[in-house]
Colleague: 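Quick one: structure below, then a few questions.
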Amino acid sequence: MKNKPALELADVKAIAAAGEAEALKNKWAVSIAIVDDGGHLLWLQRLDGAAPISAHIAPAKANTAALGRRESRIYEEMINGGRASFLSVPDLKGLLEGGVPITKDGACLGAVGVSGVKSTEDAQIARAGIAALGL
């Protein structure tokens with residue numbers, strides 16, 4: 001039997017607070033989603049002024065990063081590089097940069113997905129949130 005680390009509510013709140021702080025510092029209106037290692041939604045917040053669609057895109061990016069165990073931008077890069085077949089991958093919908101997995105000791109604990117600004121900025125907010133865990 002293996003043991004694996006898991007996100008606790010305190011972890012999720014720390015990630016969300018740090019992500020929100022990064023977004024507010026830059027005056028970016030975004031949605032922030034946090035999922036567990038199975039891609040199940042643990043947290044969703046839409047900051048004031050964020051587009052309604054961002055509340056759908058952020059969880060999709062997080063889900064993709066968690067299930068794929070890699071940043072969602074990897075899929076975007078594959079598709080942009082001509083591997084359009086990745087558009088047919090089941091259950092992966094957030095094939096855009098902005099989904100970042102949360103890893104500890106090689107294990108994926110979940111992921112953060114952000115939507116609302118440039119995709120590189122979305123990823124910046126996700127990484128800032130994850131950094132709050134000090135992994």
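These values consider heavy atoms only, across backbone and side chains, with no hydrogens, waters or symmetry-generated copies. What you see is a predicted model; the values in this text were computed from it and never measured.
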Colleague: Spell out, as yes or no, whether a donor-acceptor pair under 3.5 Å connects the side chain of Lys93 to the backbone of Ala60.
Modeller: no
Colleague: Keeping the roles fixed (side chain from Asp11, backbone from Glu8), state whether a donor-acceptor pair exists under 3.5 Å.
Modeller: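 Present.
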Colleague: I'd like to know if Asp105 and Lys4 make a salt bridge, using a cut-off of under 4.0 Å between side-chain N and carboxylate O.
Modeller: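 Looking at Lys4 together with Asp105, the answer is no, because their closest N to O distance does not fall below 4.0 Å.
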Colleague: Is there a donor-acceptor pair under 3.5 Å between the side chain of Ser115 and the backbone N or O of Ala58?
Modeller: no
Colleague: So Glu97 and Thr120, side chain to side chain contact (heavy atoms under 4.5 Å, CB included) or not? Walk me through it.
Modeller: CA-CA 7 Å; Glu97 184 172 8; Thr120 55; 3.6 Å; yes
Colleague: Answer whether the closest heavy-atom distance between the side chains of Val100 and Arg73 falls below 4.5 Å.
Modeller: no
Colleague: Answer yes or no: is there a donor N or O on one side and an acceptor on the other, between the side chain of Asp36 and the main chain of Gly38, under 3.5 Å?
Modeller: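 Looks like yes, one N/O pair under 3.5 Å.
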Colleague: Got Ile15 and Ile102 here, is their nearest side-chain heavy-atom distance under 4.5 Å?
Modeller: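 In contact.
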Colleague: Do you know the tightest heavy-atom contact between Ala62 and Val112?
Modeller: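 Of all heavy-atom pairs spanning Ala62 and Val112, the closest is CB-C, 3.8 Å.
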Colleague: Are Leu47 and Glu20 close enough that some pair of their side-chain heavy atoms sits under 4.5 Å apart?
Modeller: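 The answer is yes; the side chains approach within 4.5 Å.
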Colleague: Pair Val35, Leu41 - check side chain to side chain contact (heavy atoms under 4.5 Å, CB included), show working.
Modeller: CA-CA 4 Å; Val35 300; Leu41 190 62; 4.3 Å; yes
Colleague: On a heavy-atom basis, which atom in Pro59 and which in Ser54 lie closest, and how many Å separate them?
Modeller: CD-O, 4.2 Å
Colleague: So do the side chains of Leu7 and Leu42 get within less than 4.5 Å of each other, counting heavy atoms only?
Modeller: yes
Colleague: For residues 124-135, which side-chain N or O atoms pair as donor and acceptor with protein atoms under 3.5 Å away, sequence neighbours left out?
Modeller:
from: Gln124; atom 1: NE2; to: Glu22; atom 2: OE2; distance (Å): 2.6
from: Arg127; atom 1: NH2; to: Glu71; atom 2: OE1; distance (Å): 2.8
from: Arg127; atom 1: NH2; to: Glu71; atom 2: OE2; distance (Å): 3.1

Colleague: Looking at Arg83 and Asn80, would you say the former's side chain and the latter's main chain have a donor-acceptor pair under 3.5 Å?
Modeller: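 Between the backbone of Asn80 and the side chain of Arg83 there is no qualifying donor-acceptor contact (under 3.5 Å).
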